[in-house]
Asks: 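One structure coming up, written as structure tokens, with questions to follow.
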2 protein chains.
Amino acid sequence: MAGINATFQALSDPTRREILRMLREKDLTAGEIADHFHISRPSISHHLSILKNATLVLDERKGQFIYYSLNTSVLEEVMGWFAGFIDKGGDS
Amino acid sequence: MAGINATFQALSDPTRREILRMLREKDLTAGEIADHFHISRPSISHHLSILKNATLVLDERKGQFIYYSLNTSVLEEVMGWFAGFIDKGGDS
DNA sequence: TAGATATTTAGATATTTATCTAAATATCAA
DNA sequence: TTGATATTTAGATAAATATCTAAATATCTA
């Protein structure tokens, strides 16, 4: 919904790509994600909101915790963008 | 050589993605590229240098002109990054 | 060599972005 | 309800980015 531009923008930051990488393994809470970085929790929260806006991740509250998960279909969509781009079919 | 981060960074700007799209058709001079945008020539030159640094484009001087061309292999590399990412093989 | 054209480099500026601390919101547990 | 934990929102700030104009560099042609 946010468009390919929001997706590329979201992917342009190494911290956010690292978050996506972590979520390949399993769903994680915002706190578990934050613990892997030397960055404040509010900053990680901000990165998560950018990833969420680009629909690269999904969030679901479970009690006190909010679990984040990877939205694989959007990653496949971006890969499709590249595939289409390379063989000239894609309109980006 | 500049790494995956420079590549994602380069791809995060819509003007630069549009430049890449133009170069799918055929090689173009900096001036021809600039003519397609309402942006000054120095700004386009700056975008081109970012794309060049990410090795997404190649440049070759021919007389007064500098021709830019798409470096498809790097685009394929990025696509491979996604493919590897999705099936958990990739270390980004 | 001089003048014209093509492009880049330099330097300035306004906007965007990543980050922080402090405060607010949401939920749980006693 | 009170206190503790999890997370986000608000507001501030420093760094990065996109853009501009002016000047420099490279090449061609007369």
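Worth knowing before you read on, the calculation uses all heavy atoms, side chains too, and leaves out hydrogens, waters and symmetry mates. Quantities reported herein were computed from a predicted structural model and do not represent experimental measurements.
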Asks: Grab the CG-P distance between B:D59 and D:dT27 for me, whole Å please.
Replies: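 Going from CG in B:D59 over to P in D:dT27 covers 13 Å.
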Asks: Where the side chain of B:I39 is defined as all heavy atoms beyond and including C-beta, which of C:dT7, D:dC20, C:dT19 is the nearest nucleotide?
Replies: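 Looking only at side-chain atoms, B:I39 lies closest to D:dC20.
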Asks: Please state how far atom CG in B:N53 lies from atom P in D:dT17, giving the value in whole angstrom units.
Replies: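 My rounded result for the distance is 11 Å.
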Asks: Does A:S40 have a side-chain nitrogen or oxygen under 4.0 Å from the phosphate oxygens OP1 or OP2 of C:dC20?
Replies: yes
Asks: How long is the line joining CG of B:D13 and C1' of D:dT19, in whole Å?
Replies: 11 Å
Asks: Whole angstrom is fine here: how far is it from CD in B:Q9 over to P in C:dT16?
Replies: 16 Å
Asks: If every non-hydrogen atom of B:L56 is compared with every non-hydrogen atom of B:A10, which pair is closest and at what distance?
Replies: CD1-CB, 3.8 Å
Asks: Whole-Å distance between D:dT27 P and B:E60 CD?
Replies: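 Atom-to-atom, B:E60 to D:dT27, this comes out as 13 Å.
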Asks: Among C:dA4, D:dA4, C:dT8, which is the nearest nucleotide to the side chain of A:Q64?
Replies: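 Of the candidates, D:dA4 comes closest.
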Asks: Mind checking if A:E32 touches a base, just sugar-phosphate, or nothing, with heavy atoms under 4.0 Å?
Replies: nothing
Asks: Looking for any heavy atom pair under 4.0 Å, which part of the strands does A:T29 touch: base, sugar-phosphate only, or nothing?
Replies: sugar-phosphate
Asks: Is there a side-chain contact between B:S45 and the phosphate of C:dT8, meaning an N or O under 4.0 Å from OP1 or OP2?
Replies: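 Yes, because at least one side-chain N or O of B:S45 sits under 4.0 Å from OP1 or OP2 of C:dT8.
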Asks: Give the rounded distance in Å between these two atoms: CZ of A:F37 and P of C:dC20.
Replies: 12 Å
Asks: Closest to the A:R16 side chain: C:dA18, C:dT7, D:dA22?
Replies: C:dA18
Asks: Pick base, sugar-phosphate or nothing for B:Y68, based on heavy-atom distances below 4.0 Å to the nucleic acid.
Replies: sugar-phosphate
Asks: Measure from CD1 on B:I66 to C1' on C:dT8 and round the result to the nearest Å.
Replies: 7 Å
Asks: Hey, does B:H47 reach any base, or is it just sugar-phosphate, or nothing, if we go heavy atoms under 4.0 Å?
Replies: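 Sugar-phosphate, backbone atoms only, no base.
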Asks: Considering all heavy atoms of both residues, which atom of B:P14 and which atom of B:S12 are nearest to each other, and what is their separation?
Replies: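 For B:P14 versus B:S12, the nearest heavy atoms are CD-O, 3.8 Å.
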Asks: To check you understand the geometry: which heavy-atom pair defines the closest contact between B:M79 and A:M79, and what is its length?
Replies: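 B:M79 and A:M79 have their closest heavy atoms at CG-CG, 3.7 Å.
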Asks: In this structure, how many angstroms lie between the P atom of C:dT9 and the CG atom of B:L48, rounded?
Replies: 11 Å
